[in-house]
Number of protein chains: 2
Amino acid sequence: MAYTYSYPHPAVTVDIAIFTIRDDALQVLLIKRAQPPYRGEWALPGGFVGLEESLKHAAWRELKEETGVNAVYLEQLFTFGHPQRDPRERVISVAYFALIPSDKLQIKAASDAADVGWFSIDAIPELAFDHKKILTKALERVAAKFNYSTIAFQLMPETFTMPQLQHVYEVMTQVPIDKRNFRKRMLSLNVIEPTGEESRAGAHRPAKLYRVLDRNKVDHIK
Amino acid sequence: MAYTYSYPHPAVTVDIAIFTIRDDALQVLLIKRAQPPYRGEWALPGGFVGLEESLKHAAWRELKEETGVNAVYLEQLFTFGHPQRDPRERVISVAYFALIPSDKLQIKAASDAADVGWFSIDAIPELAFDHKKILTKALERVAAKFNYSTIAFQLMPETFTMPQLQHVYEVMTQVPIDKRNFRKRMLSLNVIEPTGEESRAGAHRPAKLYRVLDRNKVDHIK
DNA sequence: GCAAAAGTGTTATCCCTACACCCATGA
DNA sequence: TCATGGGTGTAGGGATAACACTTTTGC
């Protein structure tokens, strides 16, 4: 089977930086490449775009293949097209990033741990292709969005405590926050409500649990 | 001459929304298509990405072909890849936008006015392909950036007055601004300086001229 | 009872907004 | 001299930032 064109065509892929919070750290899903090029090296999950599917559909498909998850936040990041970014042929990659709540993680990523794994963003190995650049840009974008949107809640589980939420903010933006001011700021957004439950988690006062009002909405604030 | 691949490849184009301020209005450059599909309709300038050139290079090339300009602000906008966005074959378009200072406009766009033209953004004709969507997204991005960056100065000529600058802001963001507050805000950015010259332009007090300190720098503010 | 983390209010500061009159020019 | 648009300062309000002690639990 061969496909012929009257002028040269590049290949087009999607690559996805999939983030979650695990063990109090921001982590990204990486895959160990089974085929050359860069065989044995870690890379962002991705693959070729089908001729009949949209870019977002391709991204969803890859995301689901790797994580089993579907209802998560997915956003187009940037398109990388340096002529030599893939040694095989000209490959243009449309990069996406996804945010997955910690409690939606499926076993998939853990099951065959040899070739799929979560990596804390301050312990990223060498990456294949230009995936380091993609990851860096994704982190920049997400961190920036924390400051002017309610994107952070896309990383939170069904119920969560205020200190947990604050921790996510601090991990992502790398700046410590005053907990009283943080609490006021979050509550004034009107996107979360207390569940009435509490989380008892050790030798200290229990924390009140909150829940997101509308999981599918990401507001632009200010 | 034919190019053969073992699996199907899409075509990849760049399309550019080129903005400038002309006649006190925000305008975009459009091209009347000489070939089908959409022959005779207006479209954003664009073209196929060469196999050996980067995406940005392709955008620069198209930009220069149409405007003769090279030193302007150019930013990747979004990649559009709906499977049916082009009736010929699968075409994925990496969209860019460019901002050109009004005094850098070359004669090119005016010379053969039949097939190239500047259109005020509130008088855009029907556009070919999904170019309306691209243009809308470009306008959203630029307007948003006006509020958190110094991107506005990319539209200003070598020297300009404060009322001119304010007008650009008002045209772009669609909100009237108090001129005293505006002046303070602009000066506090520390990116412009008075030239010492004045602009005499009618039966009224002359306006002081300003110049951008570093034309190539676009700051992220706040 | 003690260590550990959660919860809670008030004050000061800064930034943004609102607002009105005089000035320089060309006709 | 008059019409036109350019230039200038201050005061109030709202949002943000700084800051310390009490509460609840498990061991």
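Every chain is numbered from 1, with letters handed out A, B, ... down the list of sequences. Model, not experiment: these values are computed from the prediction. Excluded from the calculations below are hydrogen atoms, water molecules and symmetry mates; all remaining heavy atoms, backbone and side chain alike, are included.
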Next on the checklist: I need the full list of salt bridge (Lys or Arg N to Asp or Glu O under 4.0 Å) pairs touching residues 154-172 of chain B, with sequence neighbours left out, sorted by first then second residue.
Outcome noted: none
Checklist entry - Among all residues two or more places apart in sequence or in another chain, which pass the ring pair (Phe, Tyr, Trp, His ring centres under 6.0 Å) test with A/Phe129? => result A/Tyr38, A/His131
Checklist entry - What residue pairs, at least two apart or across chains, pass ring pair (Phe, Tyr, Trp, His ring centres under 6.0 Å) with a residue in residues 133-168 of chain A? => result A/Phe146-A/Tyr169, A/Tyr148-A/His220
Next on the checklist: Walk along nucleotides 12-21 of chain D from 5' to 3' and tag each nucleotide B, S or - by protein heavy-atom contact under 4.0 Å, base first, then sugar-phosphate.
Outcome noted: -----BBBB-
Checklist entry - Where does the angle between the aromatic ring planes of B/Phe119 and B/Trp42 fall among parallel (under 30°), tilted (30 to 60°) and perpendicular (over 60°)? => result perpendicular
Checklist entry - Looking at residues 191-207 of chain A, who's got a heavy atom less than 4.0 Å off DNA chain C? => result A/Ala203, A/His204, A/Arg205, A/Pro206, A/Ala207
Checklist entry - Does any residue of residues 152-165 of chain A have a heavy atom under 4.0 Å from DNA chain C, and if so, which ones, in number order? => result A/Pro163
Item to check | Nearest-Å distance for atom pair NZ/P, residues B/Lys208 and C/dT25 | outcome: 12 Å
Item to check | Nucleotide C/dC19, atom P - distance to CD1 of B/Ile177 in whole Å | outcome: 16 Å
Item to check | Results of side chain to side chain contact (heavy atoms under 4.5 Å, CB included) for B/Ile21 - residues two or more places apart only | outcome: B/Leu26, B/Leu155, B/Val168
Check side chain to side chain donor-acceptor pair (under 3.5 Å) between [X] and all other residues, then give those that pass, not counting sequence neighbours.
X: B/Gln27; result: B/Arg22
X: A/Asp122; result: A/Ser120
X: B/Thr79; result: A/Thr79
X: A/Lys184; result: A/Asn181

Listed pairs under 3.5 Å, donor-acceptor, residues 199-213 of chain A side chains, sequence neighbours left out:
unit_1: A/His204; atom_1: NE2; unit_2: A/Ala201; atom_2: O; d: 3.0
unit_1: A/Arg211; atom_1: NE; unit_2: A/Glu193; atom_2: OE2; d: 3.0

